[in-house]
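Counting from 1, the numbers follow the sequence of the chain as shown.
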Amino acid sequence: MMPQIEVYLNTEREWVSEALIASFQAALCELLPELLGQPQGPDHVLSELPVVEIAVVDDEAIAQVHAEFLNDPSETDAITFPYGEILVSCDTAARYAAEHGLDPQEELFRYMVHGLTHLHGYLDYEPTDREALFRVQEPLVARFFPK
């Protein structure tokens, strides 16, 4: 099964527009077959989901969800739920991008791809798992943000 991807903008930031979100949604739909063609990780659910909803939120919202569901009140880049909901923080993306000389839009897109890669079963708790996730994630990001 190929899930439908829906991306929602749930915060107001000058650099994140509805047009950007629509372009990200189209890009994610385009790369989804390639992601699903990768070997599945042990906890994969992506191919079984009818819809994946990605919400772009601010640090305050993601910290609240992080505290409620993961007992950690700090901001984070992305939170992925196995039922097909992904939250990504545009504030974290902007901050990380500024600190590392990156494009904040690319970083935000990376968080979305990261969440989808988690749903495909890839984990990032251990260094070897993280490397495997990045080997899948980064070529997908590079298709839409070539260097």
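- Scanning for side-chain contact (heavy atoms from CB on, under 4.5 Å) contacts around Thr92 gives Asp59, Glu75, Asp77, Ser89, Arg95, Tyr111, with sequence neighbours left out.
- Look at Arg130 and Glu126 and you find no salt bridge, because none of the NZ, NE, NH1 or NH2 atoms lies under 4.0 Å from a carboxylate O.
- With Leu35 as the fixed residue, the side chain to side chain contact (heavy atoms under 4.5 Å, CB included) test singles out one of Leu46, Val113, Leu119: Leu46.
- The line from CD of Glu138 to CG of Leu140 is 9.0 Å long, rounded to the nearest 0.5 Å.
- Rounding to the nearest 0.5 angstrom, the gap separating the CZ atom in Arg135 from the OG1 atom in Thr117 is 12.5 Å.
- Aromatic rings from His118 and Tyr122 are positioned such that their centres are separated by 6.0 Å or more.
- Taking both residues in full, the closest heavy atoms of Val88 and Ala78 are given as CG1-CB, 4.0 Å, listed atom of the first, atom of the second, then distance.
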List the steps and the verdict of side-chain contact (heavy atoms from CB on, under 4.5 Å) for Leu116 and Ile5.
-> CA-CA 10 Å; Leu116 290 172; Ile5 305 288; 3.8 Å; yes

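- In this structure, the separation between CG on Leu108 and CG on Asp103 is 10.0 Å, given to the nearest 0.5 Å.
- Two rings, from Phe69 and Phe81, have their centers less than 6.0 Å apart.
- To the nearest 0.5 Å, atoms OG1 (Thr11) and CG (Asp58) are separated by 4.0 Å.
- A single hydrophobic cluster is not seen to contain both Val45 and Leu87; linkage of ILVMFWY side chains at heavy-atom distances under 4.5 Å, directly or through other members, places them apart.
- Taken to the nearest 0.5 Å, the NE2 atom of His120 stands 8.0 Å off from the NE2 atom of His44.
- Leu9 places a side-chain heavy atom less than 4.5 Å from the side chain of Glu18.
- Between Pro104 and Ala93 the shortest heavy-atom distance is O-CB, 4.0 Å.
- Side-chain atoms of Asp124 and His114 form a donor-acceptor pair, as typed in the model, at a separation below 3.5 Å.
- Rounding to the nearest 0.5 Å gives a distance of 7.5 Å between CD of Gln4 and SG of Cys29.
- A donor-acceptor pair shorter than 3.5 Å cannot be found between the side chains of Gln105 and Glu107.
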Evaluate the side-chain contact (heavy atoms from CB on, under 4.5 Å) criterion for residues Met112 and Ile86: first the C-alpha distance (whole Å), next the side-chain angles of each, then the deciding distance (0.1 Å), finally the verdict.
-> CA-CA 7 Å; Met112 294 176 186; Ile86 301 168; over 6 Å; no

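- Between Phe144 and Phe109, the two ring planes are perpendicular [angle over 60°; tilted spans 30° to 60°].
- Between Leu49 and Pro3, the shortest heavy-atom contact is O-CB, 3.0 Å.
- By the side-chain contact (heavy atoms from CB on, under 4.5 Å) test, Asn10 is found to be paired with Tyr8, Ala55, Val57, residues two or more places apart in sequence or in another chain being considered.
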I would like to know whether Gln25 and Leu28 meet side-chain contact (heavy atoms from CB on, under 4.5 Å); could you show each step before the answer?
-> CA-CA 5 Å; Gln25 180 171 317; Leu28 294 167; 5.6 Å; no

